[in-house]
Amino acid sequence: MSSNINKPSVVRKKQLRAGWLFLTPASILIFIMSFYPMIMAFITSLKTGSGAKLKWGDPLFVNYFKNIPADATFLRSMGNTFLYLIIEVPIMLVFAILLAQILNNKDIKFRGLFRTMVFMPCAVSLVSYSLIFRSLFAREGLINSVLSGLGLISENINWLGTTGTARAVIIIGLIWRWTGYNMVFYLAGLQNIEYSVYEAAKIDGSSGWNTFWYITVPLLKPVIVMTAIMSINGTLQLFDESVNLTNGGPANTSITMSHYIWNEAFGQGVGHFGYASAMSFIIFILVAILAAINLKVGDTRD
Amino acid sequence: MKKKLLTMTLTLTMVAGMLSACNGSANTPADNSGNAEASDATGATDGAAPTEEGSTDLGGVSDDANTLTVAAWDPNFNIPALQAAEAAFQKKNPDFKLVINTVSGSQDVENAVTNAASAGDYSTLPDIVLFQDHYIQQYVTNYPDAWQDLSGASIKWDDFGAEKLSYSTIEGKHYGVPVDNGTAIFAYRTDILEQCGYTIDDVTGITWDRWLEIGREVKEKTGKYLLSMDHSGDDLPYMFMQAEGLSQWKDGKPDIVGNDTYQKLLQVIVTGADDGVILLCNSWSEYTDESIVGDQVAGVMNGNWIIPTIKQVKENSGKWALTTIPTLSGKEGYAANGGSSLYVTSNCQKVDLAQEFLAYTLGGGEGATETYDNALKNGGVITCCISAGKSSVYQEPDEYFNGQAIYADIVKMGASVPVVEQNDFHYNLRTAIGTAITNATKAGGGADLTTEIQSAAQDIDRQMSL
């Protein structure tokens, strides 16, 4: 009798088999496409040398403990990436949530048009928008012409040739490109908040700001956490802007981590694949840590 | 409702994933310069978007016994040269066919070789590839199995400029057949020099100090720079050193710390940039489109493939002249920059045909004069094959350069370019020195040049030890 209870029924067995059957293809694909390359990348990251002549590091973790800490450019690229992260992500998310709030208002005319316009930058390829920003901010570019036309500057500013302004241009570009993208998530989140909640708040005499701060933001929390994780993740892997907009310049002071990794692996024909893999694992660890913190801080659900 | 939110979040994440995937595929190689020869000089770093996998497929080889495949870039420059070679060889072998796969830039070939070599499968490579001179040593060293030694081909190696051959000759073996000639030229606007009371002879065979003086005067009187360069891939230090007959390398190590000549030359660039004589541009397009085509400069110095860029300004026709490069001592300097050669890959099974084809045409054989004449007429490709450079086509005066027979002059200059030591880490050094120059200029903070050179050397040592 007892053996009968522990034994799964025939139907259950069949269901189990079907479950595994459905899971297998995806699991195998994920393993082959994602996990296997990750493992191989880790193995490669233990090697030194270039091109087809890679050899094991001596000692094994020499890339991680000796080469990376000694690499001033990598440390600078890390600093740059975090600078972009710290400045750009909060500004962008605040803009996105405000825009979402405004465009969620039922009384605004041409709401669809405005929403499309704010979202439009996301339809532009990263490379082309970077190239457009580069020509806008070139020494003889539109921005300089406009500024000198208005009499604000007497001499053309070398936007991309000066460290501070080059970094600023990257941040401006990022905000332009990604704010609308994040706004869409907030819009979707806002539409999921029942109108009755706001009505109740109104009856209780809550001001606009209080309603936003005590009702909208808490109810949007899961979306905020998600956009924050995605933005942080995306910024840490920033590549196209650094390559196409400033080309890491001037003097590598606006280069990002991914750009530097690409340079080491392919950029100068040298092919330090081991070293580049080691650096990408550093990014991987950083993203994992940041995402974990983010989830811990943001996720207070049950 | 929580479930609903969660579902929505997950769905959105999926959509986001798809969107970002779309972005990925939109990153087609952006050859921003139009003139793909530009990528010769800038290396892979200028506007080089990550190349799609599809574009690194160079087409492989053909089954037909009389057909060779070749991958090359620049339909206005290298492709006409290859077509000229095909037509010339067809006179000897009427069944011969050359299938030319035009790629968007030199990086495509480099990436394809890297991919093929990393995978250990060379079957994707065509019989012959065009390859940048400064990169080939690196690739022969890193992937020795990808190439075939051409020393056995009946090519008259003595007939080529020694400097050009020094790139494709690795450990005594000839791997490549030269296509173009990278000889550097210094072109000046004679009308602007005249306004300041100078002629082209006054800027030929002068010292850099004198050159800077003239440059300051030109800037003051006309507002034009005497030289510009794409500083994101700055070839000036390399060319300046070669004009002195020296290299930045000695016995495989950077020879830059405590090197008086080198520091003086870098100081010329720094002073020039500070005084408004040299314009250091932020990108290749700023260099070509704004400084040269935008008519901001009275002088251009680079490999002779820059001439088509100069010629884009139609209204300045007849106002330019070509000459040699200044040096520290005041003797005439000769240098070279950029350029590429053809290499037979290990995937080529028809080695005899490939060698015969290359030897007969671009290698200085019977068809060489015809090949190079048409290459010059159709693509502006200047040969470094000395006998082919004697043909009548080369003696024709060029109207844009006020009747100067520039092609004959360039071939002549090319014979004087000194052979200097090359190194696998050429581009790494270029980047490190570019950083040093930026930091030493006033705009970059005015750091001490000696210390900057030291830290550049340290950085190169570190990279070479990786």
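Note that the coordinates shown come from a computational prediction; the quantities given were computed from them, not determined experimentally. A, B, ... follow the sequence lines: proteins, then strands. Residue 1 opens every chain. No hydrogens, no waters, no symmetry mates; every other heavy atom, side chains included, goes into these values.
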Rounded at 0.5 Å granularity, tell me how far [atom1] in [X] sits from [atom2] in [Y].
| X | Y | atom1 | atom2 | value |
| --- | --- | --- | --- | --- |
| A/I255 | B/T431 | CD1 | OG1 | 9.0 Å |
| A/E140 | B/D289 | CD | CG | 12.0 Å |
| B/N142 | A/F273 | CG | CZ | 8.0 Å |
| B/Q107 | A/F266 | CD | CZ | 13.0 Å |
| B/N428 | A/E264 | CG | CD | 7.0 Å |
| A/R139 | B/L279 | CZ | CG | 4.5 Å |

Given that the side chain runs from C-beta out, which part of [X] has a heavy atom under 4.5 Å from chain A: side chain, backbone, both or neither?
| X | value |
| --- | --- |
| B/S465 | neither |
| B/T435 | both |
| B/I437 | neither |
| B/Q296 | side chain |
| B/N439 | side chain |

| request: Identify which of A/T73, A/L160, A/T253, A/T48 forms the greatest number of heavy-atom pairs closer than 4.5 Å to chain B. | output: A/L160
| remark: Ranking A/N158, A/T163, A/N63 by heavy-atom pairs under 4.5 Å to chain B gives rank one to A/N158
| Is it the side chain or the backbone of A/D71 that comes within 4.5 Å of chain B heavy atoms, both, or neither? | both
| field | Minimum heavy-atom distance between B/S285 and A/R134, given as atom pair plus value | value | OG-NH2, 3.6 Å
| query | Which atom pair, heavy atoms only, marks the closest approach of B/N282 to A/G161? | reply | OD1-CA, 3.3 Å
| said: Is it the case that over 12 heavy atoms from other parts of the model lie below 6.0 angstrom from the OH atom of A/Y198? | reply: yes
| field | Among the listed options B/H231, B/H426, B/Q463, the residue most often paired with chain A at heavy-atom distances under 4.5 Å | value | B/Q463
